[in-house]
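First the structure, in the form of structure tokens, and then the observations on it.
As the structure lists them, so they are numbered: ligands from 1, and atoms in each ligand from 1.
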Amino acid sequence: MSAIAPSASATSAQPRFPLDLTRRMVERLRSGTTDTAEHAMTEPASVFTDPVLHAREREVLFRHGAHVVGFEGELPLPNTYITKEVAGVPVLVTRDGDGVLHAFLNACAHRGAQVAEGCGDARRFTCPYHAWVFDGQGSLVGQPESWAFVDLDRSTLSLQPLPLASIHGLLVVGLSADVDPAAAFAPIADELEPYGYQHHEIVTTETYHLRCNWKISVDVNLEAYHVKFLHRDSLSHFVTNNAVHDTFGRHARWAFPTFADPTLFDAPETEWPEPAPMTLVHMFFPSCVILETPTSAQLLRIYPGASPGESTVEITEASLRPIASEAERDARRQGAGFTAKLLGGEDFPVAEQCQRGAEAGLERFVFGTVEPMVQHWHTQWREAVADS
Ligand code: FES
Ligand SMILES: [Fe+2]
């Protein structure tokens, strides 16, 4: 199935972050400790440079994986659409006139040109090449000189559907018909209900082309061990490595305090700040990350490039709810600018350095007990690549 009915609105009275997770983070903050793994582990550095493995990952994890592409809030009304590049595949998501969501290959049924670009309102999509026209359900509804195609059953000339699921407003697409996005996200689906992805509005999206393997681009988002060193003049002023983490099948989440004064939590729980001063990081296997801050969500979609030493990162800054004023939009833009400075100016350059180390012949990468999320991700990656 590629089409899904409109989802119910999220309830708004829930705390931004799960209370049990906040309690655990407060304990870590008070004690000055962090969640840890049992043992250090290693990964051969060749996994970041091997072209055979790279081709296999693209096929197994990306072509046959399930990928977050955005938020239902990007298609708030009937007859709206978005387009996305997902690991090099052009994808079109529509909300048709009845409010039902669909995903398609953004490739014309005539000869493959892209029938839509950007996002917005549309009841019809007209291909730029020979002007075939499709509706929001992907059906061919216009075809110049249609007499030339009477040999073909018109119902076979629709846009090619892709599997799509809305996980509490998070849009997840499969790039092949055999992918079941709902099943892939079942282990973490219940956890996502409070976040209100149905109402998220996109502020801006930036694309980064990096000279490093896509796994290194993922890894930089999965530990706070580096914060007081790499980010000593920026993030380290308000982030501490008092992290807690949980796993949900291949997926995971971790959280750490931001701007958190332990005395804030001396009061009874009912008087704790809401939202709690923390950042929660959702990691959706294989390669999507959402940085959930008290006031925003930053979606990172990370994809392999043409070679093992290249990757693409799309960073989308989202408001948690529709933006009501220009002042609010400016505040969100500033948030996006800060993320761009941190990731683009500090994390990504060092990720490219790591790639150079791997390509120079380094034997292995090391993940310590203070990097449990990186360990979980690499363990899952290894199983996923081996299983298929
Ligand atoms: S490729 Fe779209 S109409 Fe020809
Ligand atoms: Fe970082």
key: Passing option when His251 is tested against Phe285, Trp377, Phe185 for ring pair (Phe, Tyr, Trp, His ring centres under 6.0 Å)   = Phe185

message = Using a strict threshold of under 4.0 Å (side-chain N to carboxylate O), is an ion pair present between Arg95 and Glu72?
response = yes

request  = Report yes or no: does Cys108 have an N/O/S atom closer than 2.8 Å to atom 2 (Fe) of ligand 1?
outcome  = yes

note = Which atom of His110 is nearest atom 4 (Fe) of ligand 1, counting N, O or S only? It is ND1

remark   = Quick note on ligand 1: atoms under 4.0 Å from a heavy atom of Arg111 include exactly 1 (S)

task = Under 4.0 Å from a heavy atom of Trp132: give me the atoms of ligand 1 that qualify, with their elements.
result = 3 (S)

request  = Using the Fe ion (ligand 2) as the apex, give the angle to atoms NE2 (His226) and NE2 (His231), rounded to 10 degrees.
outcome  = 90°

message = To make sure I understand the geometry: which N, O or S atom in Asp347 is closest to the Fe ion (ligand 2)?
response = OD1

query = In ligand 1, which numbered atoms sit nearer than 4.0 Å to a non-hydrogen atom of His130?
reply = 1 (S), 3 (S), 4 (Fe)

Electrostatic pair Asp20:Arg23 at N-O distance under 4.0 angstrom = no

message = Distance check below 2.8 Å: does Cys127 bring an N, O or S atom to atom 2 (Fe) of ligand 1?
response = yes

query = Salt bridge or not for Arg333 and Glu317, using N-O below 4.0 Å?
reply = no

request  = Salt-bridge test for Arg301 and Glu85: reply yes if a basic N is under 4.0 Å from a carboxylate O, no otherwise.
outcome  = no

ask   = For the ring pair (Phe, Tyr, Trp, His ring centres under 6.0 Å) test, which of Phe48, Phe62, Tyr208 pairs with Trp214?
value = Phe62

